[in-house]
Amino acid sequence: MISLSLLFATFLAGFIYTIAPGPAFLALFTLGAAKGRRPGAWFMTGHLVGDVTWSVAALAAIVGVSQIGPVLFDILGICCGVYLIYMGVRAITMRKDGKAAVIGADRPLLNGVLFGLTNPKSYPVAFATFGALVAPYGSAITWGETPALIASAFLGFVAADLILFVAIGLTPVRRFFARYGVWVTRVVGVAFVGFGAKSLFDGARGLVSARG
């Protein structure tokens, strides 16, 4: 029987993957500030297609690796940790003059789908985020549990999207983001570094245990 902690880890990965500032996050808040909440909602709905696609691909890869052996899964966790730290450091060192163009102003739903599917960072970020949080469960993950994991991740997407939907329509939030958006990105970068460090620690501990 699938554990509640594994389901929660997958939910959390989906939530973080969606709500963490990145290209889509910046595009959404820029669109919301320029056009309002409704176009932003259509953009998020379209982008959800990409979220589900890349996260399913990431989970499938993670489950496949976990079935090969715990050592390879620990190595995967270390690689995910390194990538998350890399992304976190880039976010922390983001320049204050970094700006995003208004994407999806004319056709937010279509642009959301295209943005979600073609963003080159979508798969590696999904793979790293899900890998870092799910890696500690190792061989406990099976193909039979994959539908439940996908459903849990989807709930994480929806929960994050609901928060974003409310946020983009609030005038104080829009003003705050316009003024402190770079610092929000940096704070999330620190969180990415923390998740990456945990993934490195778990992977290294697993390798040491395997050798012992």
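In this text, all values refer to a predicted model and were calculated from it rather than measured experimentally. Atoms considered below: every heavy atom in the structure, side chains included; atoms not considered: hydrogens, waters and symmetry mates.
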Identify each donor-acceptor pair in which a side-chain atom of residues 152-167 lies under 3.5 Å from a protein atom, sequence neighbours left out, and give them as a table.
| residue | atom | partner | partner atom | Å |
| --- | --- | --- | --- | --- |
| Ser152 | OG | Leu7 | O | 2.6 |
| Ser152 | OG | Phe11 | N | 3.3 |

Worksheet item: Checking side chain to side chain contact (heavy atoms under 4.5 Å, CB included) for the pair Glu145/Leu6: CA distance, chi angles, key distance, verdict?
Response: CA-CA 10 Å; Glu145 295 171 340; Leu6 175 56; 4.1 Å; yes

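- Counting heavy atoms from C-beta outward, Leu207 and Ile78 have side chains that approach closer than 4.5 Å.
- For the atom pair CZ of Phe43 and NE2 of His47, the computed distance is 5.5 Å after rounding to the nearest 0.5 Å.
- Ile150 and Phe8 fall within the same hydrophobic cluster, where Ile, Leu, Val, Met, Phe, Trp and Tyr residues are linked whenever their side-chain heavy atoms come under 4.5 Å apart, directly or through other members.
- Rounding to the nearest 0.5 Å gives a distance of 9.5 Å between CD1 of Ile16 and CZ of Phe130.
- For the atom pair CG of Leu12 and OG of Ser5, the computed distance is 12.0 Å after rounding to the nearest 0.5 Å.
- Taking CG of Leu149 as the start and OG1 of Thr10 as the end, the distance is 4.5 Å to the nearest 0.5 Å.
- Counting only heavy atoms from C-beta outward, the side chains of Arg37 and Leu170 approach each other to under 4.5 Å.
- Expressed to the nearest 0.5 Å, how far CG of Leu117 lies from OG1 of Thr53 amounts to 5.0 Å.
- The distance from atom CD1 of Ile85 to atom CD1 of Ile92, rounded to the nearest 0.5 Å, is 10.0 Å.
- Looking only at side-chain heavy atoms (C-beta outward), Thr45 and Leu109 come within less than 4.5 Å of each other.
- The backbone N or O of Gly116 sits less than 3.5 Å from a side-chain atom of Trp54, completing a donor-acceptor pair.
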